[in-house]
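Written below as structure tokens is the structure these notes are about.
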Amino acid sequence: MARRRMVYEGKAKILYEGPEPGTYIQYFKDDATAFNAEKKDVIDGKGVLNNRISEHIMTALGGVGVPTHFIRRLNMREQLIRQVEIIPIEIIVRNVAAGTISKRLGIEEGTPLPRPIVEFCYKDDNLGDPLVAEEHIIAFNWATQQDLDDMIALALRVNDFLSGLFYGVGIKLVDFKIECGRIYEGDFQRLVVADEISPDSCRLWDVETGQKLDKDVFRRDLGNLADAYTEVAKRLGIMPQNGTAPTTGPKLVH
Ligand code: 5GP
């Protein structure tokens, strides 16, 4: 059997060439990193949980007409996705102050924001993904004005939908990050939600207790990350309420 070709390896995922032209296979690793990979660990089962949670969210978004790169889950750690041209901008939407906005502007964590706030970061690990203005994005040709308008519209639709989805299972969507990619269809291009949406890329707090159910558990040493992600998966109905984390399945062999 021919060995498949790796296209890209990131901190938490690997992309392989897909079975058909225009597709990739996205593999979710157990590696956890924070602070631009200054803090690192391997969390058994994280990749399996994020694969399932991201599948659930991307499928639900597709169901309400938000275009995504997701095609289908293949196995415990892999999903088939459409090849897209990733725009090198992270779009962050915030509903409640936390993380860098709290630090930067001195707003106490947990303060509700008067309206959802959209921020952009330039995807560059060497620079630590710096916050940038729309002006930078246009001036340096990272995206066009049309792309930007589409990205903001997509991010706000994702925010509205996911805020409701999570609130329905007792979780507050504090903030999240998405990435967008271009898909070419004949002479036209459109933007879709790409990468992943999981507790790695969202802040999720229990509505009643405020307990953190996201990657801050790892960033801030607040307990067991897999347990937090398992709780999210259970609430979303992805795994039974009394089940244990589905941590078995294929593992990456280096
Ligand atoms: P902050 O700017 O407060 O660090 O992050 C805001 C939100 O975006 C958080 O939910 C955080 O998890 C997410 N986020 C920001 N940068 C990244 C990133 O490089 N990778 C991932 N997975 N999430 C990010």
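Every number for a ligand or one of its atoms is a count from 1 in the order of the listing. In this chain, numbering begins with 1 at the start of the sequence shown. Being a predicted model, the structure only gives us computed values, none of them experimental.
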Pull out every atom of ligand 1 sitting under 4.0 Å from any heavy atom of [X], numbered as shown with elements.
| X | value |
| --- | --- |
| G99 | 3 (O) |
| D129 | 19 (O) |
| D200 | 12 (O), 21 (C), 22 (N), 23 (N) |
| C202 | 10 (O) |
| R203 | 1 (P), 3 (O), 4 (O), 5 (O), 6 (C), 9 (C), 10 (O) |

- Report the relative orientation of the aromatic rings in F140 and W142; use parallel for angles under 30°, tilted for 30 to 60°, perpendicular for over 60°. tilted

- Query: Taking atom types as modelled and ignoring hydrogens, do the side chains of T230 and D227 form a donor-acceptor contact shorter than 3.5 angstrom?
  - Reply: no

- Backbone or side-chain N or O of K215 under 3.5 Å from ligand 1 N or O: no

- Query: Polar-atom distance check: E119 versus ligand 1, any N or O pair below 3.5 Å?
  - Reply: no

Closest heavy-atom contact between [X] and [Y]?
| X | Y | result |
| --- | --- | --- |
| E78 | N51 | N-ND2, 3.1 Å |
| Y229 | I53 | O-CD1, 3.7 Å |
| F70 | I81 | CA-CG2, 4.3 Å |

Residue and atom name of the nearest protein heavy atom (relative to [atom]), distance in Å to one decimal:
| atom | value |
| --- | --- |
| atom 2 (O) of ligand 1 | T100 OG1, 2.5 Å |
| atom 15 (C) of ligand 1 | I92 CD1, 3.9 Å |
| atom 19 (O) of ligand 1 | E90 OE2, 3.0 Å |
| atom 10 (O) of ligand 1 | D175 OD1, 2.6 Å |
| atom 13 (C) of ligand 1 | K177 CB, 3.5 Å |

- Would you call D160 and R157 a salt bridge, taking side-chain N to carboxylate O under 4.0 Å as the test? no

- Query: With a 4.0 Å cut-off, would you call R182 and D150 a salt bridge?
  - Reply: no

- Task: Would you confirm whether D129, through its side chain, and D124, through its main-chain N or O, come within 3.5 Å as a donor-acceptor pair?
- Result: yes

- So is E109 close enough to ligand 1, meaning a heavy atom under 4.0 angstrom away? no

- Task: Answer side chain, backbone, both or neither: which part of R219 comes under 4.0 Å from ligand 1, heavy atoms only.
- Result: side chain

- Item | Axial cation check for Y16 ring with R4, 6.0 Å and 45° limits | yes

